[in-house]
Amino acid sequence: MVSLPLLSTSSNVTKPVIMAETMDPLAPSVNESSFTPSLMNKLRMRFGSGSATPRSMAEGYVEFGEFRAQAPGVKKVGTFAGVFCPVVLSMFSALIFIRMGYLVGNAGTLVTLAQFALAYGIVGFTVMSICAISTNGAVEGGGVYFMISRTLGPEFGGAIGTLFFFANVVSSALCISACTEALVENFGPNGYLVGDSPGLPNGDWYRFLYRSVLNAIGLSVSLAGASLFARTSLAIWVTMVVCLASAFLSFFITTPGMIEKPETNTLINVTSFKYTGFSVNTFYENLYPKYGRDYSTSDGELVDFASVFGVLFTGVTGVMAGANMSGELKSLCEYSSGELLQNNYVYLLPINVWSPFIAVGMLTATFSAGLSNLIGASRVLEALAKDNIFGFILRPMVPRSGNPVLAVIMSWFLVQIGIITGSLNTIAQVNSVLFMTSYFAINLACLGLDLASAPNFRPTFKHFSWLTSLIGLVGCAALIFGLRPAYASAVAFACCSLVVALHLLSPAASEPKWGSLSQALIFHQVRKYLLLLDPRREHVKFWRPQMLLLISSPRQAAPLIDFVNDQKKGGLFVVGHVRVGELDGSGDPLASEHKYWLKLIDHLKVKAFVELSLAESIRSGAAQLTRLAGLGAMKPDTVLLGFRDTATPKDFFRDPTSPYKTEQFDLDSGEIIFPARTSVSTRISASEYVRIITDVLSVKKNICLCRNFHTLDMAAVERRSASLKYIDVWLVELLTPSREEAFSVRALFALQLAAVVRSSRGWQHLRLRVHVVDATPLYADQLESMDSAVERSNPSLSPARPVHERLEELLKLLRISATTHTVSEWPALDDFGQWSETSYDNGTTFSRVPHSYLQKVNHIIKSRCEDGTAVTFVQLPHPPKLPPHATDADEPVCEQYLQVLDDFTKDLSPTILVRGLKSVTSTAL
């Protein structure tokens with residue numbers, strides 16, 4: 001049974017989780033947790049069928065902007081060597097040395113410049129978003145992943161972080177392929193640096209061998225640590241600057257001549273192309289697009305705008321370091337013919353004043369960029385492992401020393417798979433889509449932060465707005481789907497699938513410790529719409545149930561909570577609980593208990609809010625919840641109470657046959673959360689219980705008393721059991737049975753509740769039966785005082801017509817599908833000889849109700865329930881009027897009232913005693 005809240009004897013206090021010191025991102029903390037749940041355990045934790053072992057904060061989670069002390073002995077990489085050099089090298093690597101001719105020769109100068117402007121525009125807006133987010137707190141290891149995950153939450157952040165990891169892997173494979181191409185062009189058969197010598201052998205397998213060796217060298221450097229990487233990058237950057245300067249000088253020094261076709265170009269028979277030097281004709285010739293075929297692909301694929309932009313965008317993933325390439329473009333279009341640019345991607349080698357300059361630049365820049373991306377991928381993978389995004393799958397990636405060795409090895413292995421593709425231009429298309437997806441997520445995160453208007457979003461970088469983020473976001477989406485719809489669709493599907501999978505299975509999502517932007521946006525929107533929801537504009541046509549269920553222990557009320565969740569039908573559902581006590585200055589006694597109530601909501605899978613009250617008495621706490629639960633116009637208008645009886649409650653959390661069975665509220669310490677009422681527990685007094693009912697009615701709210709819901713089998717209802725056929729509504733007032741009662745506000749409120757239950761999913765197969773009596777009013781003035789919910793001007797509802805015809809007409813007007821049943825055997829009170837027309841408000845009213853009358857009424861209802869009734873709705877008699885202040889004389893009167901209700905509903909199917917005060921039905925459009 002369900003009773004009102006009792007005094008809680010347990011404190012439900014758990015020790016707070018202490019955050020351990022988190023080490024530097026380049027030397028992540030050791031995962032000390034020995035708990036390795038299986039996939040089934042993860043499903044149980046997610047869906048609430050088992051208890052979840054809490055993850056220690058010491059496992060590596062770092063909040064955005066958290067202040068931490070640097071771990072001793074950890075070497076940090078400087079800004080110039082660790083950031084600027086890798087960014088510049090990644091931009092200059094394959095694009096300027098190997099693919100600049102490919103861009104201008106196919107797309108022409110104007111289109112190439114337009115593509116650069118478009119790409120830099122997207123990158124520029126993204127940089128503004130990056131600066132805004134990164135200056136709002138300390139960014140740890142993982143870069144883009146860290147910013148997105150700490151902003152958008154573990155699900156979306158984990159999904160984008162995974163795609164960003166693969167973006168770095170693909171980018172590393174691209175750079176290694178570019179380095180291999182440079183190696184073959186310089187040192188392969190008839191290479192520019194070996195002349196007629198055989199040089200290195202060429203072929204698909206030989207190229208794969210060279211790529212594998214370069215990848216292995218990158219693995220060795222990566223395993224040596226970040227400091228060696230920084231020193232390597234700095235040296236290569238200096239070398240690259242010298243080589244690039246020689247390329248610019250060569251345009252002015254080298255005289256016009258014929259440039260031989262590279263050995264790798266087998267598409268055409270021409271052996272050489274003209275280098276014109278400075279020429280106005282060459283400049284105009286190269287202005288417009290002349291798309292040809294890509295000789296670096298196996299079948300000579302036709303080049304188009306999308307393929308050119310895909311290659312170009314790989315050069316701007318190094319953010320904004322390449323703005324000075326515009327000068328290189330101008331030199332290309334003035335000095336080199338279109339045929340040369342299309343058919344010799346490494347034209348810079350033969351026209352350079354000293355070819356080894358370009359060869360060294362090609363090899364060092366591309367190798368360094370590949371190395372940078374390999375290390376970047378390993379750091380993102382390490383960050384995903386530290387945050388426990390994929391649980392035990394990535395747990396070995398969390399290092400026990402400074403360098404994430406296993407993460408580096410895993411990244412190297414995936415790069416090794418990526419280099420099988422071979423063609424630089426093919427890899428570039430995938431690389432661009434993945435990076436643009438990451439940019440899309442960054443702009444989305446910044447846009448959300450700005451729109452949410454969170455007080456803690458105070459970036460020191462001020463040169464951004466929601467508009468810049470929106471432009472960057474829309475631009476990325478338009479480019480991805482406009483240029484590569486197939487790739488974009490695949491990435492979008494993968495991202496959405498990852499978000500769903502992580503939401504259901506990720507330990508980081510099941511035990512959320514991250515601030516999620518979605519919650520800030522939801523709060524912002526809910527507040528705005530709540531202000532627009534004006535209670536003065538409520539109309540009965542759009543009424544929906546708004547329920548406040550007061551319970552003592554959910555262990556014994558689980559089926560009732562489940563039922564009310566169906567009964568609310570898209571309305572408001574608040575689960576309320578009262579603890580007797582007071583604030584003593586030591587803290588909030590309900591704070592530790594509240595989290596278990598939220599877990600309860602998740603376990604029962606109901607859409608409800610939780611409100612807890614601390615009061616000097618149960619009645620006082622119930623009054624607080626009745627008046628204050630909800631917000632604005634979303635406030636409960638119906639209060640539901642468990643029935644006060646002596647039946648032994650059932651523990652649905654421990655019953656092995658119960659669908660609500662769980663162990664997550666039985667703590668390892670032996671403490672039981674939500675202890676159930678026992679046979680020796682002190683019940684709430686009858687007078688306090690009745691006064692709660694009176695208080696609810698006095699504030700003009702509807703009241704429902706729920707009895708026998710421990711017998712309700714919700715699983716049988718959902719599987720459409722043949723034993724459950726009906727929902728019964730008795731439109732009969734117990735003490736004043738009359739045919740006019742069926743048309744009163746309180747009767748139609750019960751009818752509306754029953755109709756709402758039947759329309760809910762899982763209940764629609766049940767039939768609604770409406771029971772009425774054909775008795776005339778006991779008193780002459782009863783008909784006149786009846787608070788009819790329908791207009792008497794309607795001829796079809798005239799009291800002169802038979803009650804069942806009027807009721808059927810009313811059901812038709814209300815669009816409620818139900819069968820009507822006139823109960824002719826309902827007894828009259830005056831037939832028992834002990835009843836008189838004494839005022840209904842007399843305190844002795846319920847003591848004079850004949851027991852035999854209640855037994856016969858109970859027998860009539862019970863006989864109908866035996867036909868297969870799932871739930872019964874009956875009318876609740878008005879409680880006795882009590883003096884304003886409690887006296888000793890109240891208890892007997894209230895006991896008599898509750899005894900009448902007990903005899904009335906004894907051994908019935910799950911029953912709701914309803915007393916409605918508000919009109920909730922409408923026959924109008």
Side-chain angles (χ1 to χ4, degrees), residues 93-95 97-99 101-102 105-106 166 169-220 260-271 292-304 307-308 310-311 314 342-347 349-350 358-359 362-367 369-371 373-374 377 411-434 487:
S93 59
L95 190 62
F97 285 110
I98 300 179
R99 283 298 181 266
Y102 167 83
N106 286 283
F166 283 107
V169 168
V170 172
S171 186
S172 181
L174 182 146
C175 294
I176 289 176
S177 297
C179 188
T180 303
E181 184 175 322
L183 189 68
V184 172
E185 295 289 358
N186 284 282
F187 301 101
N190 298 320
Y192 287 107
L193 296 186
V194 297
D196 296 331
S197 301
L200 296 174
N202 188 20
D204 292 339
W205 287 107
Y206 278 111
R207 290 200 176 205
F208 179 72
L209 175 63
Y210 302 150
R211 290 192 290 267
S212 300
V213 172
L214 291 172
N215 195 26
I217 296 174
L219 172 65
S220 302
E260 293 186 1
K261 180 192 71 172
E263 188 74 18
T264 53
N265 186 352
T266 60
L267 291 181
I268 58 177
N269 296 322
V270 180
T271 59
R293 293 187 176 275
D294 181 9
Y295 72 80
S296 68
T297 57
S298 58
D299 54 352
E301 295 178 0
L302 184 65
V303 179
D304 56 13
S307 58
V308 172
V311 173
T314 62
Q342 278 189 347
N343 294 284
N344 192 339
Y345 298 158
V346 292
Y347 69 95
L349 273 166
I358 300 300
M362 287 180 176
L363 295 173
T364 55
T366 52
F367 176 75
L371 179 62
N373 284 286
L374 177 62
S411 303
W412 163 82
F413 176 74
L414 293 177
V415 172
Q416 187 67 24
I417 296 176
I419 60 179
I420 295 176
T421 304
S423 174
L424 185 154
N425 293 352
T426 302
I427 300 175
Q429 310 305 314
V430 179
N431 179 71
S432 296
V433 170
L434 291 174
Y487 290 177

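In this structure, a donor-acceptor pair under 3.5 Å is present between the side chains of Asp304 and Ser307.
Heavy atoms only, all atoms of each residue included: Leu371 and Gly218 are closest at CD1-O, 3.3 Å. Annotation for Gln429 and Gly310: closest pair OE1-CA, 3.6 Å, computed over non-hydrogen atoms. The minimum heavy-atom distance linking Asn186 with Ala359 is given by the pair OD1-CB, 3.3 Å. Between Ala377 and Ser411 the shortest heavy-atom distance is C-OG, 3.6 Å. Counting all heavy atoms, side chain and backbone alike, Phe367 lies closest to Leu214 at CE1-O, 3.6 Å.
Atom CD of Glu301 and atom OG1 of Thr426 lie 5.0 Å apart (nearest 0.5 Å). The distance from atom CG of Leu174 to atom CD1 of Ile419, rounded to the nearest 0.5 Å, is 12.0 Å. Note that CD of Gln416 is 10.5 Å distant from OG of Ser172, once rounded to the nearest 0.5 Å. Interatomic distance, CD1 of Ile217 versus OG of Ser212, reported as 11.0 Å (0.5 Å rounding).
Annotation: side chain of Val184 is not in contact with side chain of Leu200 (no heavy-atom distance under 4.5 Å). You'll find the side chain of Tyr102 reaches within 4.5 Å of the side chain of Val303, heavy atoms only. No side-chain heavy atom of Leu219 sits less than 4.5 Å from a side-chain heavy atom of Asn215. By the 4.5 Å heavy-atom criterion applied to side chains, Phe166 and Val430 are not counted as neighbours. Put simply, the side chain of Ser220 does not reach to within 4.5 Å of the side chain of Trp412, judged on heavy atoms.
The backbone N or O of Val170 sits nowhere less than 3.5 Å from a side-chain atom of Asn373 that would complete a donor-acceptor pair. Here the side chain of Asn431 pairs no donor or acceptor atom with the backbone of Ile427 at under 3.5 angstrom. Here the side chain of Thr314 pairs a donor or acceptor atom with the backbone of Val311 at under 3.5 angstrom.
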